[in-house]
Amino acid sequence: MIQITLPDGSQREFPGPVTVAEVAASIGAGLAKAALAGKVRAAGEPADAAKVVDTSFQMTANSALSIITGKDADGLEVIRHSTAHLLAYAVKELFPEAQVTIGPVIEHGFFYDFSYKRPFTPEDLAAIEKKMTALAALDEPVTRRVLPRDEAVAYFKSLGEHYKAEIIESIPADQDVSLYREGKFEDLCRGPHVPSTGKLKHFKLMKLAGAYWRGDHKNEMLQRIYGTAWATKDELQQHLTMLEEAEKRDHRKLGRELDLFHIDEHSPGTVFWHPKGWTLWQGVEQYMRKVYQDNGYLEVKGPQIIDKGLWEKTGHWDKYRENMFITESEKRDYALKPMNCPGHILIYKHGVKSYRDLPLRFGVFGACHRNEPSGGLHGIMRVRAFTQDDGHIFCTEDQIQEEVKAFTTLLQKVYADFGFHNIIYKIATRPDQRIGTEESWDRAEAALAEGLRASGCEFEYLPGEGAFYGPKIEYTLKDALGRPWQCGTIQIDPNMPERLDAEYVGEDGARHRPIMLHRAIVGSLERFIGILIEGSGGALPAWLAPVQVAVLNITDAQAEYARSVAKTLQNQGLRVNLDLRNEKITYKIREHSMQKLPYLVVIGDKEMAAGAVAVRARGGQDLGAMPLDAFVQKILGDIANKSAS
């Protein structure tokens, strides 16, 4: 007898080996129909040993089993993985000469890369999606078989699928490989997959792009087809609606429309900030500078170009050189700094430090340069030249927990001021390849966890995703569309102080190594401003808006009074646009409204006679006439409270 334990603790017995599908059927017809896969572990194994398998997977010994449906995260991944194969199936049906390469799951969907003699067109994309729908309707079973590596290579070569053969040839010769078939199409894959194509109903092909084979620009340019897939029609529609809204909020589009910045071919991957955009930048930077000043950080600044020798000591020259911009002077090699931390250690080392000096907190608005591939550049979100609100805390091991708590509380306040209240906390723990003792990792991970608990945060672990020298916390915020953005981090690093010989004199009079905490709140200012623009749809709160109020006269008769109103507002430190053009007031209101300004002040004869202003808030809200002093207090209150208006 084989005993299967279900998630609720109940057990079912079977006379012999049993498949996931058979267990689901024994529970009920509804579950059998909904089952996409199973999550299995042998009896007695830890929970993290469970693996996701096909419904055809056979259990030959006592096991714990969860039936996976479209309601589960694992089920959604299986749907997307299987839909990528359905895409390749459809392409091969319509374009038999196309060669298939790879088709992984990505966030919200999947992609598949193809080699074909001509570029695919939008019309091709529509035809492929239609064919996918027809193939799914056939409800063909998806079956798995296993071949020795060399036999699989020969099989795909016989089909003319040379890319697949090359992938398999990179697998060790003594290993078997699994293949999945649906109808006439068979593909290399570890799986698992849905039991039949009829489970794939809610998908959409999104776009075409180029991608080099194996990510190497020296190889052939392939054609990448992106798609999305969901468990239900409603989920698909919600995602498509979100994408439509995101397109309206695209920071590149709004950057042009609001005249904030542009990216120029003469300097790819860098940003040309226009006056209004630079005003926004300064709003973020000056706010963060005040955060530094109020929380014990000492602002520092180092050089942009640093000798190769330092990067060799830190290990960056060996492991990061291809992403560094290199220059030479007088037969000496230098690099534009890709990060700020080595320079901060050099500042720390200038002069003897005592335990009484710790914790020592350095902060910088440090410009960094990284030679990102051109294909990965994206507006101001992914650039080659960026500025970080970078900070490094030098402390003792005993001080880590308190520093993490203080930093987390500070980060929460900053994010709230920028309008972000939904934060996800994750601790990335020790990877397989690491330095340091198990005891030091235990203490470091515990300090991060206790620091979060002390700040009242619920968190999850990311096993194995820490750096080789220390664990870290990732702080992810969510914007108005529910999209996650990982911006903040605090990371424990005993390695770099060791490599660069940083020390402090302890209470015992002996020399000790400090712990270095790498920390950032907004991260790259460019990227964070892009998030602010998209999250707000360009309708930035009054405290950040490049122009906070426009003053508009109806006729020339009010021009002088309009000037005095604008002057009064400017004297209060407000950013004002005075519009005295000889245009209809409706035209001027519409034009400034499209610039998403927080407030418009309209002045006619009635307002001038009363020493008042007629106020319109963003979104067309008519606040009516009010004394100028009352309006000044209102907008200054918005700014002081950092309200979202």
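Side chains included, hydrogens not; waters and symmetry mates left out as well; all remaining heavy atoms used.
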* Counting N and O atoms only, with roles assigned by atom type, does the side chain of Asn219 sit under 3.5 Å from a partner on the main chain of Trp213, one being a donor and the other an acceptor? -> yes

* To do: Using atom types as modelled and distance alone, determine if a side-chain donor or acceptor of Gln491 lies under 3.5 Å from a backbone N or O of Ile473.
  => no

* Is Glu186 paired with Arg144 through a side-chain N to carboxylate O contact shorter than 4.0 Å? -> no

* To do: Quick one: pull up CZ in Arg12 and CG in Leu65 and give me the separation to the nearest 0.5 Å.
  => 11.0 Å

* Do Ile490 and Glu474 have side chains that get closer than 4.5 Å, going by heavy atoms? -> no

* Asked: Distance from Leu258 atom CG to Ile533 atom CD1, nearest 0.5 Å?
  -> 7.5 Å

* To do: In plain terms, say whether Asp187 and Lys164 are close enough for a salt bridge, that is, a side-chain N and a carboxylate O under 4.0 Å apart.
  => yes

* Can you measure from CD1 (Ile102) to CG (Leu188) and round to the nearest 0.5 angstrom? => 11.5 Å

* Output, in order, the C-alpha distance, side-chain angles, deciding distance and verdict of side chain to side chain contact (heavy atoms under 4.5 Å, CB included) for Glu93 and Tyr89. => CA-CA 6 Å; Glu93 287 287 293; Tyr89 185 7; 3.8 Å; yes

* **Electrostatic pair Glu166:Arg214 at N-O distance under 4.0 angstrom** => yes

* Structure fact -> Closest non-hydrogen atoms of Gly466 and Pro431, given as atom of the first, atom of the second and distance, are O-CG, 3.5 Å

* Any luck finding a side-chain donor-acceptor pair between Asp390 and Asn340 under 3.5 Å? -> yes

* **Aromatic centroids of Phe114 and Tyr112 separated by under 6.0 Å** => yes

* Answer whether the closest heavy-atom distance between the side chains of Val177 and Glu151 falls below 4.5 Å. => no

* Asked: Aromatic ring centroids of Tyr180 and His193 under 6.0 Å?
  -> yes

* Carboxylate-amine/guanidinium contact Lys39 Asp74, below 4.0 Å -> yes

* Apply the test side chain to side chain contact (heavy atoms under 4.5 Å, CB included) to residues Ile423 and Tyr415: give CA-CA distance (whole Å), side-chain angles for both, the deciding distance (0.1 Å), then the verdict. => CA-CA 9 Å; Ile423 307 171; Tyr415 283 4; 3.6 Å; yes

* To do: Identify the residue among Arg382, Met339, Met324, Arg384 that makes a side-chain contact (heavy atoms from CB on, under 4.5 Å) with Arg370.
  => Met339

* Just do the side chain to side chain donor-acceptor pair (under 3.5 Å) check on Asp124 and Thr121 with the steps written out, would you? => CA-CA 5 Å; Asp124 292 332; Thr121 66; 3.2 Å; yes

* Asked: So His316 and Tyr320, would you call those rings parallel, tilted or perpendicular, with 30° and 60° as cut-offs?
  -> perpendicular

* Measure the spacing between CG of Leu87 and OG of Ser82 and express it to the nearest 0.5 Å. => 12.5 Å

* Asked: Can any side-chain N or O of Asp264 pair as donor or acceptor with the backbone N or O of Ser267 at less than 3.5 Å?
  -> no

* Structure fact -> Rounded to the nearest 0.5 angstrom, the CD-NZ distance for Gln486 and Lys426 is 9.0 Å

* Asked: Is the Trp230 ring parallel, tilted or perpendicular to the His239 ring (thresholds 30°, 60°)?
  -> tilted

* Got Val91 and Val100 here, is their nearest side-chain heavy-atom distance under 4.5 Å? -> no

* Asked: Sub-3.5 Å donor-acceptor pair from the side chain of Thr429 to the main-chain atoms of Gly464, do we have one?
  -> yes

* Asked: If you draw the axis of the six-membered ring of Phe468, does the NZ or CZ of Arg434 fall within 45° of it and under 6.0 Å from the ring centre?
  -> no

* Is there a donor-acceptor contact under 3.5 Å linking the side chains of Glu235 and Thr232? -> yes

* Is the closest side-chain heavy-atom distance between Cys368 and Pro338 below 4.5 Å? -> no

* Are any side-chain N or O atoms of Thr228 and backbone N or O atoms of His108, one a donor and one an acceptor, separated by less than 3.5 Å? -> yes

* To do: Using ring-ring contact (aromatic ring centres under 6.0 Å, His included) as the criterion, list what pairs up with Tyr461, not counting sequence neighbours.
  => Phe459

* Can you check whether Glu328's main-chain N or O pairs, donor with acceptor, with Asp333's side chain at less than 3.5 Å? -> no

* To do: Walk me through it: do Lys308 and Glu312 pass the test salt bridge (charged side-chain N to carboxylate O under 4.0 Å, His left out)?
  => CA-CA 6 Å; Lys308 165 187 172 182; Glu312 288 177 326; 3.8 Å; yes

* Which one of Leu86, Thr83, Leu36 satisfies the side-chain contact (heavy atoms from CB on, under 4.5 Å) criterion with Val194? -> Leu36

* Identify the residue among Arg249, Glu257, His251 that makes a side-chain contact (heavy atoms from CB on, under 4.5 Å) with Lys253. => Glu257

* To do: Give the C-alpha distance, both sets of side-chain angles, the deciding distance and a yes or no for side chain to side chain contact (heavy atoms under 4.5 Å, CB included) between Glu534 and Trp485.
  => CA-CA 12 Å; Glu534 293 197 358; Trp485 302 95; 4.1 Å; yes

* To do: Could you go through the salt bridge (charged side-chain N to carboxylate O under 4.0 Å, His left out) check for Lys276 and Asp259 one step at a time?
  => CA-CA 7 Å; Lys276 286 197 283 188; Asp259 193 24; 5.2 Å; no

* Is there side-chain contact between Leu260 and His274, with at least one heavy-atom pair below 4.5 Å? -> no

* To do: Return yes when atom CE of Met242 has more than 12 non-hydrogen atoms of other residues, nucleotides or ligands closer than 6.0 Å, and no otherwise.
  => yes

* To do: Could you check Glu182 against Val142 for side chain to side chain contact (heavy atoms under 4.5 Å, CB included), going step by step and ending with a plain yes or no?
  => CA-CA 5 Å; Glu182 50 201 85; Val142 180; 4.1 Å; yes

* Any residue meeting ring-ring contact (aromatic ring centres under 6.0 Å, His included) with Tyr469, in chain and number order, not counting sequence neighbours -> none

* Could you state the interatomic distance from CG (Asp174) to CD1 (Ile171), rounded to the nearest 0.5 Å? -> 11.0 Å

* **is_close_aromatic(Phe418, Phe528), centroid dist under 6.0 Å** => yes

* Honestly, is Lys92 close enough over Phe185, meaning NZ or CZ under 6.0 Å from the six-membered ring centre and within 45° of the axis? -> no

* Asked: For Ser196 and Asp139, does a side-chain donor sit closer than 3.5 Å to a side-chain acceptor?
  -> yes

* Asked: If we only count heavy atoms from C-beta on, is the Thr387 to Trp281 side-chain gap below 4.5 Å?
  -> yes

* Asked: Parallel, tilted or perpendicular: which fits the ring planes of Phe120 and Phe95, with parallel below 30° and perpendicular above 60°?
  -> tilted

